[in-house]
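Some notes on the structure that comes next.
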Protein chains: 2
Amino acid sequence: MTSQIIEAAELLQPMFRKLQQRDELGDEEKRAIAEAADQRLVFAPGDDLVADGSRPEHSTLVTSGFTCRYKMLPNGSRQFTAIHLAGDFVDLHSFLLKEMDHSVGALSHCTVITFPHERLVTISQRFPHLTRMLWLSTLLDGAMHREWLVGMGRLSAAQRTAHLLCEIYLRLAAINLARDNQFNFPITQASLADAVGISTVHVNRVLQELRHGGYLAWDGGMLDLLDLDRLKAFAQFDETYLHLVQEPR
Amino acid sequence: MTSQIIEAAELLQPMFRKLQQRDELGDEEKRAIAEAADQRLVFAPGDDLVADGSRPEHSTLVTSGFTCRYKMLPNGSRQFTAIHLAGDFVDLHSFLLKEMDHSVGALSHCTVITFPHERLVTISQRFPHLTRMLWLSTLLDGAMHREWLVGMGRLSAAQRTAHLLCEIYLRLAAINLARDNQFNFPITQASLADAVGISTVHVNRVLQELRHGGYLAWDGGMLDLLDLDRLKAFAQFDETYLHLVQEPR
DNA sequence: CGCGCTCTTGACGAACATCAAGCTCCGTGG
DNA sequence: CCACGGAGCTTGATGTTCGTCAAGAGCGCG
């Protein structure tokens, strides 16, 4: 049992780093999370971690890999509403919303840890500050949703694509999973299309435009943002919405 | 002091109705909110309730009128990320995110009540269930953001417009501020354009299309959804994301 | 070896932006 | 009482962005 908790604590590092970028976490709070952990699960690309319409009894924390939050339309088209990384709780939503109004899928091989809702209720009763930090985690999701909305409404497809790559790089860097403006990004152009809200054909053209503009190189899985400052300027990227500031919350 | 609290409780009715659509609220919880209320303020159309980049010391609850959550781009274009009604907390976000990453503006004449963040911290320490309900309120915002994102990515301008009107009608009806498929909606076509992410010229054409299709009538401020079922079908509207179900949370 | 998945390219059309102008309505001041 | 101006709504002409359809190329995998 003890060794399981220690093992879980290891996997929880990305999440701790994510939260500690925003406020300090006490040892008691970390232990409370580690003790609330339940199962470790593994998913392959294309698998669903959480299905639309389901009523999960637990919430899921991604510990490695890339996942997407998405919604299917009756006509078969698909739209991502977020991309999630290691350290992200992908369905804290279901803890209070109860019924899922969208699905969460694996974009790459990924590992997760589940947390039974009843243990989250206990945390909300005993650890007010930790509760606020989990709440904060869902507020960060909201902030990213808003940024995506602005892009969808007022930026070009190329700008949105550039914006997304800037966002993912900064989020990965914040948990020490990327540096030197490059990171492993093993997703297909079709997935990128569903994230940005365009067709796969157009994604292809946008990527060529960004490559020829000297903004990035992307061979196989490895993505290299060759000129991050210029890419940010092109995408009108302002990282304020990521709230990467440590302060009392 | 007592009369102030009672007066506040009156203004809080839309918010109580909103939350009670999702779970029961105890009298103690309602009193805790009423006692945390601070100032009553009034805004005119075009005013900002909360400014991008500011660090509010209090959170704002709308008690009447229409407000929008929006972001300005360097090139002067604007995009709404939500429309808020009576009963909506428009910047619970700043309670934990601290710095605003967007603005909140008044679309009509509106009244609000402010809640100092320190009193919200106290609530989070003493009322775990009420805290979860406030958390839920921000999760509902997130759910609406996601629905808007799907529309922006995969629906036509006309469908998005129709979808927005369905959403607002159901939200108003849920707090007893609309019925018989009609409601007062005093916003300009330019604002609607910023909500839906298109140009004002195109909004005009879309509205004509919806009018000629027999979906709605809109003279002056009063909007009448003449055939709500058909409008919902056209917009692929599924109200699941509004989570209008009362259950323990 | 052959199948399926992903990426790529070209031709064409639809959805929407932009520009420009004229309209109505309404409040304001002379 | 009317002239004026501004805000919002409406319309037409034109251009751009992006979707759709179709086909082929590269590549890994069974």
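All chains are named by letter (A, B, ...) in the order of the sequence lines, taking the proteins before the strands, and each is independently numbered beginning at 1.
- DNA chain D lies under 4.0 Å from at least one heavy atom of each of the following residues of residues 198-216 of chain A: Ile198(A), Ser199(A), Val201(A), His202(A), Arg205(A).
- Remark: the Thr114(B) side chain and the Thr60(B) side chain contain no N/O donor-acceptor pair separated by less than 3.5 Å.
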Show me the protein contacts with nucleotides 21-24 of chain C, counting only N or O atoms at under 3.5 Å.
none

Taking only distance into account, with no hydrogens and no angle test, what donor-acceptor pairs under 3.5 Å do side-chain atoms of residues 214-225 of chain B form with protein atoms, sequence neighbours excluded?
unit_1	atom_1	unit_2	atom_2	d
Trp218(B)	NE1	Gly220(B)	O	3.4

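- A pairwise comparison of heavy atoms in Thr200(A) and Ala190(A) identifies CG2-CA, 3.5 Å as the closest pair.
- No side-chain heavy atom of Leu41(B) sits less than 4.5 Å from a side-chain heavy atom of Thr111(B).
- Ring geometry for Phe115(A) versus Phe89(A): interplanar angle of 30 to 60°, hence tilted.
- Listed by chain and number, the residues in a ring pair (Phe, Tyr, Trp, His ring centres under 6.0 Å) with Phe95(B) are Trp135(A), His117(B) (sequence neighbours excluded).
- In this structure, Asp219(B) atom CG and dG8(D) atom C1' are separated by 16 Å, rounded to whole Å.
- There is a side-chain donor-acceptor pair under 3.5 Å between His243(A) and Asp101(B).
- Following rounding to the nearest Å, Gln159(B) (CD) and dA15(C) (P) show an atom-to-atom distance of 11 Å.
- Near-neighbour residues of DNA chain D inside residues 182-190 of chain A, defined by a heavy atom below 4.0 Å, are absent.
- Every residue meeting the ring pair (Phe, Tyr, Trp, His ring centres under 6.0 Å) condition with His163(B), not counting sequence neighbours, appears here in chain and number order: Phe237(B), Tyr241(B).
- Ring pair Phe66(A)/Phe185(A) is perpendicular by interplanar angle, where above 60° counts as perpendicular and below 30° as parallel.
- A 6.0 Å sphere centred on CD of Gln208(A) holds more than 12 heavy atoms belonging to other residues, nucleotides or ligands.
- Whole-Å rounding puts the Arg154(A) CZ to dT17(D) P distance at 16 Å.
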